[in-house]
Amino acid sequence: MDTFKLEQARSWILTAAAALEKNSALLCDLDAAIGDGDHGANMARGFSAVVKKMETNPPADIGALFKSVGMTLLSTVGGAAGPLYGGFFLELGKQTVGKQELDAAMLVSILEAGLADIKRRGKAELGDKTIVDALTPAIETMKGAGSDVAAATRAAAETARDAAVKTIPLLARKGRASYLGERSIGHQDPGATSTALLMESLAEVSAKA
Amino acid sequence: MDTFKLEQARSWILTAAAALEKNSALLCDLDAAIGDGDHGANMARGFSAVVKKMETNPPADIGALFKSVGMTLLSTVGGAAGPLYGGFFLELGKQTVGKQELDAAMLVSILEAGLADIKRRGKAELGDKTIVDALTPAIETMKGAGSDVAAATRAAAETARDAAVKTIPLLARKGRASYLGERSIGHQDPGATSTALLMESLAEVSAKA
Amino acid sequence: MKKLINSPENVVREELEGIQLAHGDIVRVSFDPFYVARKDAPIKGKVGLVSGGGSGHEPMHGGFVGLGMLDAACPGHVFTSPTPDQMFEASKAVNGGAGILHIVKNYTGDVMNFDLAADMLREEKIDVASVLTDDDVAVQDSLYTAGRRGVGLTVLMEKLLGAAAEKGMDLAQLKALGDSIRATGRSMGMALTPCTVPHAGKPSFELGENEMEVGIGIHGEPGRKRVSLASADEITQMLMEPILSDLPFKSGESIILFVNGMGGTPLIELYIVYRRAAQIAEKHGLKIVRNLVGSYITSLEMAGTSITVLRANDNLISLWDAPVKTAGLRWGI
Amino acid sequence: MKKLINSPENVVREELEGIQLAHGDIVRVSFDPFYVARKDAPIKGKVGLVSGGGSGHEPMHGGFVGLGMLDAACPGHVFTSPTPDQMFEASKAVNGGAGILHIVKNYTGDVMNFDLAADMLREEKIDVASVLTDDDVAVQDSLYTAGRRGVGLTVLMEKLLGAAAEKGMDLAQLKALGDSIRATGRSMGMALTPCTVPHAGKPSFELGENEMEVGIGIHGEPGRKRVSLASADEITQMLMEPILSDLPFKSGESIILFVNGMGGTPLIELYIVYRRAAQIAEKHGLKIVRNLVGSYITSLEMAGTSITVLRANDNLISLWDAPVKTAGLRWGI
Ligand SMILES: Nc1ncnc2c1ncn2[C@@H]1O[C@H](COP(=O)(O)OP(=O)(O)O)[C@@H](O)[C@H]1O
Ligand SMILES: Nc1ncnc2c1ncn2[C@@H]1O[C@H](COP(=O)(O)OP(=O)(O)O)[C@@H](O)[C@H]1O
Ligand SMILES: [Mg+2]
Ligand SMILES: [Mg+2]
Ligand SMILES: [Mg+2]
Ligand SMILES: [Mg+2]
């Protein structure tokens, strides 16, 4: 597959919504261990609102789609994840105004812009035990994985999944988990895990093209 | 034994205090089932105050002893048991002013006066699942048991113990247990049980004379 | 037993020390015997309002001592009625010469102990009257029983009589007003969890994960029935229905609606109960003219709620709105 | 899960309905988006004070809306920061033309969401400033972390800034006052039991019968350490010591002392904690000029306590004493 089309973008969001719904309890449990136990509920609530919005108001291009996703997440997720994922999708939207499809390189570059927004907003660096720890290596992998969108996103998804697991030994320096100090060590970061689910959904819809 | 002496009256109170202390948890448990769970603590607290008072201020006659017991119970037991047992001993004190010893008939008559005070104050009748249900038959037994104090109190103690057990099937009509209605059935009344302990202590000290 | 205490024996004394330290501007605490009195008592010419009861129901009663409410409160041991000497000393301490009114919850122990104290006060030529609360509709009343328990209405009674006493009502008028409040207020409560009396060290009863007790009092005693856990709306209905039909409250009447927490129930849940109670009251044609939502008459850390409904009129509304300055209830000053 | 609720999804909406029904004389509730505003807002020429945060901390913040305190509060889902649209709409609704001050507890989510709302307000040419609270000494602060949590000081902040805004202070002055309060207040909390977020349906963590969590926040999150159960005096010492040494508070200083309950802890225990906290403060040479004892910033039905100490001066004392009329805090009016 050489390009990522509006239809796939739409499927991505639907697939991600289903995955977040399915893994809501898992994400809540991860968050309960080192945060306040709401990450799964926040993400599931936000993405279910996104799905409802998409049904009543199907966007005409990728930019409009991502913008709508971002706006909806901002006003429904709350917590830290709301502004971070909301801002991420708003940024993706800005980068894709009017677009009907994206090639692999563009996909990488819009994800990079999204990551930059997350880092600007949350001020987290690699290794702080956050979303950044899953997204950064996933994008790196994609960059080096060539121009086949399906292959690149699949590789990125695997990296994200591994990277989420690799947050376990980290000491949290950002977000709620940072309040725990040393006690944050030994637990997988919920935000990195939801990012891995988003990347897995991206790979799944890209493979089906 | 033909008479009940000041020394025995003193021992009665000390023995009763020890018995109530020892059975405090039992009485609390009985009270928890159909009341508020404090009867054992109330009685133990009151009698331990009585013991302290007796040590610092040994009464010179039976009347003074019982009056002091009554006053102390009134100001330390609280709840329903405080006025009931406090008033009971105050009444015993009134009946024995200046006395150094009592014969069996007098013992019966002062206990009857004490019971009358409890009934006047608490308005409970036989069968209401209260102290009255243990004290009434115990005194009846004593009445018919002749002039030997040891034998009479022993018989009374047995009756009281049985009578306390016989409160189990009763429906409470007075005191906190009455709030439970039908649910008070099937539980032994704590007040009847503490009365049985008092009567048992009386028998024990009378036997030792 | 998980409690912020040092030892079961010292709970009441140390609580009183805390109250003295925290509210020394409003009250003074006597430690022998235990009572909490208005700092500015006795107030010459004002009837002294004295209440009391077992501890474990905070802020009742010590938290209701102050301008516009009680003159003194006598705390007993946890869940145990105080003793006559406390009531006697407290009453004497706040006697401004216009007599003493005892506000007594209808429990055998409380009634008998207050009666003894009243006798002692009369021997000292102090005028004493008493008002009972026996508002708990969960208890079947009859001539042959101890009658109903005094529960949530006690809080409203203390506020309303406190305001009336502050305005200069005499003892007989206060007694009459109290009796009329008694006659027109009803309550019922329920528990999601039991509570643990400190010296007992274990819960007062056991409740399964899917059970609740309905018709509970405020002493960790079992209720009238144990039923399956239900929703807040269903629970509220279970409490409101018997309350409304008991008096009965009639369409068109004005009421004060009081939703109370049992000690371990957070405010967020009480508002969910209030919501439904208000809806039911309105559907019944009642007009809620004043309300109170919070944990004012508690049962240690028990989770649960009770609802109190009191018929209101203009006089009661103005007494309700009158200034009150206590640790537990405060407005207008 | 034993709660007086109907369904986890409806907890916040139904709570707000209850608040509207109970406190319609003080507040009006918006349901889309969720916020609670002063009934008489906007007040021309007065800076609008807006706070917000996850639900489950009642009475904070909705219970602190009213004269002399907040102009609006935005409730998020339970323990989840509210969203920018709520803060934007609430701020606009109470904008009296003198600007808006956001009072924000220092959590990543709260800070980012309020920042977004502030951006949106600035686009509408509304002046916005914000004051953070980050008073929890249990959290080690550093340049590289999210910093400390905002906890109990938030209640005092809202009271004091509310009074100052009522007196006519402008936005810059309020911001400066808020920053100085932030700089001189410290808190720490502990839990005897966890709490259960409704949609999670199970406790946020497990605690053995002989364990407690020290250094807990207000979101059912685990604390900094788990230790053996201790007495109230020992626990109070464990909280007061880090608080006093952190600022540090120095002998001779005046303070406001706030002993808070976590939602499931009854008042009787809070007074036992207050007693010791006051003794420790006095031994440290501190003068307690004002205090607050009660459950004002809670963590659902969690049993536990937190202590907040704020340096006081005459200005703060007069702001503290100023009239306040909210569902959760009321005096002087
Ligand atoms: N500053 C930050 N930068 C990036 N990600 C962050 C930051 N703070 C928190 N997160 C992510 O957000 C996740 C928690 O989200 P969520 O539970 O929804 O919000 P909250 O912490 O407000 O309850 C964390 O697991 C972490 O991955
Ligand atoms: N009216 C009454 N007459 C006689 N005995 C009573 C009466 N009311 C209660 N009692 C007795 O008191 C006992 C309870 O005493 P206690 O638990 O100390 O007081 P309280 O009920 O106030 O907690 C009951 O078991 C009963 O035997
Ligand atoms: Mg979270
Ligand atoms: Mg009892
Ligand atoms: Mg009792
Ligand atoms: Mg959260």
Side-chain angles (χ1 to χ4, degrees), chain A residues 24-25 27-29 31-46 48-49 70-87 90 118 120-125 127-131 171-184 187 191, chain D residues 8-9 33 52-54 56 74 76-86 88 107-117 120 136 138-149 194-205 215-226 299:
Chain A
S24 170
L27 293 172
C28 280
D29 285 353
D31 197 29
I34 54 171
D36 57 355
D38 61 355
H39 187 59
N42 295 346
M43 296 299 287
R45 181 176 60 245
S48 109
M71 293 297 292
T72 306
L73 293 181
L74 270 188
S75 66
T76 55
V77 175
L84 293 172
Y85 281 121
L90 280 184
I118 287 178
R120 183 183 61 76
R121 224 179 269 278
K123 300 181 187 67
E125 292 301 324
D128 284 355
K129 197 167 186 137
T130 71
I131 293 174
L171 178 113
R173 271 188 298 262
K174 284 289 183 302
R176 257 168 224 291
S178 69
Y179 306 142
L180 284 180
E182 301 282 332
R183 284 178 82 185
S184 66
H187 300 278
Chain D
E9 303 77 54
C74 306
H77 290 266
V78 173
F79 289 173
T80 300
S81 152
T83 55
D85 54 316
Q86 292 175 261
F88 175 69
Y107 298 96
T108 305
D110 294 62
V111 170
M112 289 191 301
N113 282 291
F114 268 106
D115 274 355
L116 282 163
M120 292 161 73
D136 190 347
V139 174
Q140 251 128 44
D141 197 10
S142 110
L143 260 182
Y144 308 103
T145 65
R148 288 176 161 175
R149 294 178 288 223
C195 58
T196 298
V197 174
H199 65 242
K202 58 178 188 229
S204 48
F205 52 85
I216 199 110
I218 53 169
H219 296 93
E221 65 273 58
R224 276 201 73 90
K225 58 178 181 180
R226 180 166 298 194
S299 193

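Side-chain atoms are counted along with the backbone in the values below, which use heavy atoms only and exclude waters and symmetry mates. Here is the naming used below: chain letters follow the sequence lines, and residue numbers restart at 1 for every chain. Worth saying up front: this structure is predicted, and the values here are computed from it rather than measured.
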Query - Among A:Leu90, A:Ile131, A:Leu74, side-chain contact (heavy atoms from CB on, under 4.5 Å) partner for A:Tyr85 - result: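 Exactly one candidate clears the test, A:Ile131.
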Report task. Kindly compute the distance separating CD (A:Glu182) from NZ (D:Lys225), expressed to the nearest 0.5 Å. Result -> 14.5 Å
**Report entry** Region of D:Pro84 in contact with chain A, defined by heavy-atom distances below 4.5 Å
**Finding:**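 Both parts, heavy atoms under 4.5 Å.
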Query raised in the report: Given that the side chain runs from C-beta out, which part of D:Thr80 has a heavy atom under 4.5 Å from chain A: side chain, backbone, both or neither?
Result: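 Looking at D:Thr80, backbone and side chain both touch chain A.
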Report, one line per pair, each donor and acceptor closer than 3.5 Å where one atom sits in a side chain of residues 110-117 of chain D; sequence neighbours left out.
unit_1	atom_1	unit_2	atom_2	d
D:Asn113	ND2	A:Gly79	O	2.9
D:Asn113	ND2	D:Ser81	OG	3.1
D:Asn113	ND2	D:Gly109	O	2.8

Side chain, backbone, both or neither of [X] within contact of chain D (heavy atoms, under 4.5 Å):
X	value
A:Arg183	side chain
A:Ser24	neither
A:Asp38	both
A:Asp31	neither
A:Ala81	neither

Report summary line: Of A:Ala33, A:Ser75, A:Gly86, A:Gly181, the largest count of non-hydrogen pairs under 4.5 angstrom with chain D goes to A:Ser75
Query raised in the report: Taking A:Gly175, A:Ala172, A:Gly37 one by one, which has the highest count of heavy-atom pairs under 4.5 Å against chain D?
Result: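 Top option by heavy-atom pairs under 4.5 Å: A:Gly175.
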**Report entry** Ion pair D:Asp136/D:Arg148, N-O distance below 4.0 Å
**Finding:** no
Report summary line: The ring pair (Phe, Tyr, Trp, His ring centres under 6.0 Å) partners of D:Tyr107 (sequence neighbours excluded) come to A:Tyr179, D:His219
